[in-house]
Amino acid sequence: MNIKLKHIVCCAFMLGVTPLAAQQRLELSLDKCREMALANSEQLIQADNKIRQAELDRKITNTAYLPKIEGSAAGAYMFPDFDVMGMELRMRGTYLAGISLMQPVYTGGKITAGKKLARIGEDVASAQQSLTRMDVLTEADNAYWTYIAIWSKERMLESYRTQMDTLHKQISTALEAGMATDNDLLRVEAKRSEVLYQLQKVQNGLELCRMSLCRITGVDSETEIVALDTLIPVSHPDELTADIDDRPELLLLKKQVEAGRQQLRMAKSEMLPTIGFAAGYTYFGNIKLNTMIDMGGGMMFPYTQEFRDGIGLAVLSVKIPIFHWGESRKKVSKARYELNNAELELQRNTKLMTLETRNAINNVRDGFLLIETAIQGLKQADENLRVTRNRYAESMATLSDLLDAQSQWQQAESNLIEAKTQYKIYETEYLRTTGRL
């Protein structure tokens, strides 16, 4: 019985330990986060597939210049037989086999416009891939720096809780010695409870950020994230420009205008003549002609002749549109309107993107100024806390003064963390709006 009990305890211990032992641990830097996000993005894989599709569309369009060669074969069994001037034409098991060639000579520019449209489609797919890549990197950066910010706040609140625990012990000791009041202890306990509440909220937020990073990087949702960039690097912003020429959105709009021009050209091609050349050769057989031949003396003799032969054919055709109730002209007018709309869309969005970039520049500059202000505020809060602690130890400051100083320090530290994190997010946004991410 003791042996069975040992086996049960051992199995229970292994079941309890295995999930913890199996938990993965991922050390993550910003560069690694970006790399894993790009490798895991389904949207980026779809964008790659669209590029391959566009390349195939271009290759398919190129074949429009080449001749089309087709082969055909057919068999027929026809009954009853035909009577042709007293002769019987029999087509039971007749067969035909042939080969044909068709070559477009002139299509009014439709093939050329189609080829250019295919090239435009390839450029559009490439620009869409760049846009998707920037969106993935933006999401990865935001998630990473948000995780760093929450993690830093957790460390700060842990330090704040340590301060409150130390103060709580001091007040408890002073209360036993009759040098403090119950009200003092209650105030410290209330403040410590507030810190614990804030710490719990931050830890919950950190868990959500961890799960978000796991999703973006493509790892298991239970993976432990260890951020390597524990310090948020901040440098003075360099010369910032509002150049948007590298933005994939701008390229997409320009390609939309180019596509509109080619659509207009295709609409005009329907008003022009088309010329084509066709050639073919068909072989047929098993066509029989049955009749009776007079051999003289009133004797009739049955005679059968089988036809087997081939026929060649060459055709040059010209197709000229004459009157279609104005259909082609209406299509041309519609294409012109679509081109005009694309040009207006380009103008409007160019202004909006320029405004967006300038706003991103202002955010970066303001964000850096906010960091400098937060640093100055933290220095003042540190000095104020140091002085207040010394004065409190010498009974020259009240407990309220000390609690206020600690609260101001906590707020100043939190402000600096938020300012640095927001600055990094602003940097990413600036790179995105200039197409350099």
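These numbers come from a predicted model, not from an experiment.
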Looking at Lys330 and Glu327, does any basic side-chain N land under 4.0 Å from a carboxylate oxygen?
no
Is any side-chain heavy atom of Leu403 less than 4.5 Å from a side-chain heavy atom of Gln406?
yes
In terms of heavy-atom contacts, Ile287 and Phe284 come closest through CD1-CD1, 3.8 Å
Tell me if the CZ atom of Arg329 is crowded by more than 12 foreign heavy atoms within 6.0 Å.
no
Just by distance, with hydrogens left out, do Tyr144 and Arg34 show a side-chain donor and acceptor under 3.5 Å apart?
no
Can you tell me if Arg308 and Tyr95 form a side-chain donor-acceptor pair at under 3.5 Å?
yes
Can a donor-acceptor pair be found between the side chains of Asn290 and Thr304 at a distance below 3.5 Å?
yes
Does a donor on one side chain sit under 3.5 Å from an acceptor on the other, for Asp366 and Tyr426?
no
Met299 atom CE: more than 12 heavy-atom contacts under 6.0 Å:
no
Exceeds 12 heavy-atom contacts within 6.0 angstrom, atom CG of Leu231:
no
Any side-chain heavy-atom pair of Glu189 and Met164 under 4.5 Å:
no
Please check if the number of heavy atoms outside Lys201 that lie under 6.0 Å from its NZ is greater than 12.
no
Do Glu306 and Arg90 pass the salt bridge (Lys or Arg N to Asp or Glu O under 4.0 Å) test, and can you show the C-alpha distance, the side-chain angles, and the key distance before you say yes or no?
CA-CA 9 Å; Glu306 183 177 352; Arg90 176 173 294 184; over 6 Å; no
Lys/Arg-Asp/Glu bridge criterion (N-O < 4.0 Å) met for Lys420, Glu418
no
Test ring-ring contact (aromatic ring centres under 6.0 Å, His included) on Phe323 and Trp325; report intermediate values, then the result.
CA-CA 6 Å; Phe323 183 68; Trp325 301 98; 4.7 Å; yes
Under 30°, 30 to 60°, or over 60°: which ring-plane class applies to Tyr423 and Phe368, parallel, tilted or perpendicular?
tilted
For residues 106-122, please give each side-chain donor-acceptor pair under 3.5 Å, one per line with the distance, not counting sequence neighbours.
from	atom 1	to	atom 2	distance (Å)
Thr107	OG1	Ile111	N	3.4
Glu122	OE1	Arg58	NE	2.6

Should we say atom CZ of Arg358 is surrounded by more than 12 heavy atoms from elsewhere, each under 6.0 Å from it?
no
Is the closest side-chain heavy-atom distance between Leu213 and Leu28 below 4.5 Å?
yes
Compute whether any side-chain donor of one residue and acceptor of the other, for Asn384 and Gln408, lie under 3.5 angstrom apart.
yes
Applying side-chain hydrogen bond (donor to acceptor under 3.5 Å, both in side chains), run through Glu345 and Asn349 and close with a yes or a no.
CA-CA 6 Å; Glu345 191 73 11; Asn349 284 282; 3.0 Å; yes
Above 12 or not: heavy atoms from other molecules or residues under 6.0 Å from CE of Met102?
no
Is the closest side-chain donor-acceptor distance between Gln200 and Asn204 under 3.5 Å?
yes
Considering only NZ, NE, NH1 and NH2 on the basic side and carboxylate oxygens on the acidic side, decide whether Glu35 and Lys32 come within less than 4.0 Å.
no
So, are Lys351 and Glu356 salt-bridged, with charged N and O less than 4.0 Å apart?
no
Heavy-atom neighbours of Tyr337 OH exceed 12 at 6.0 Å
no
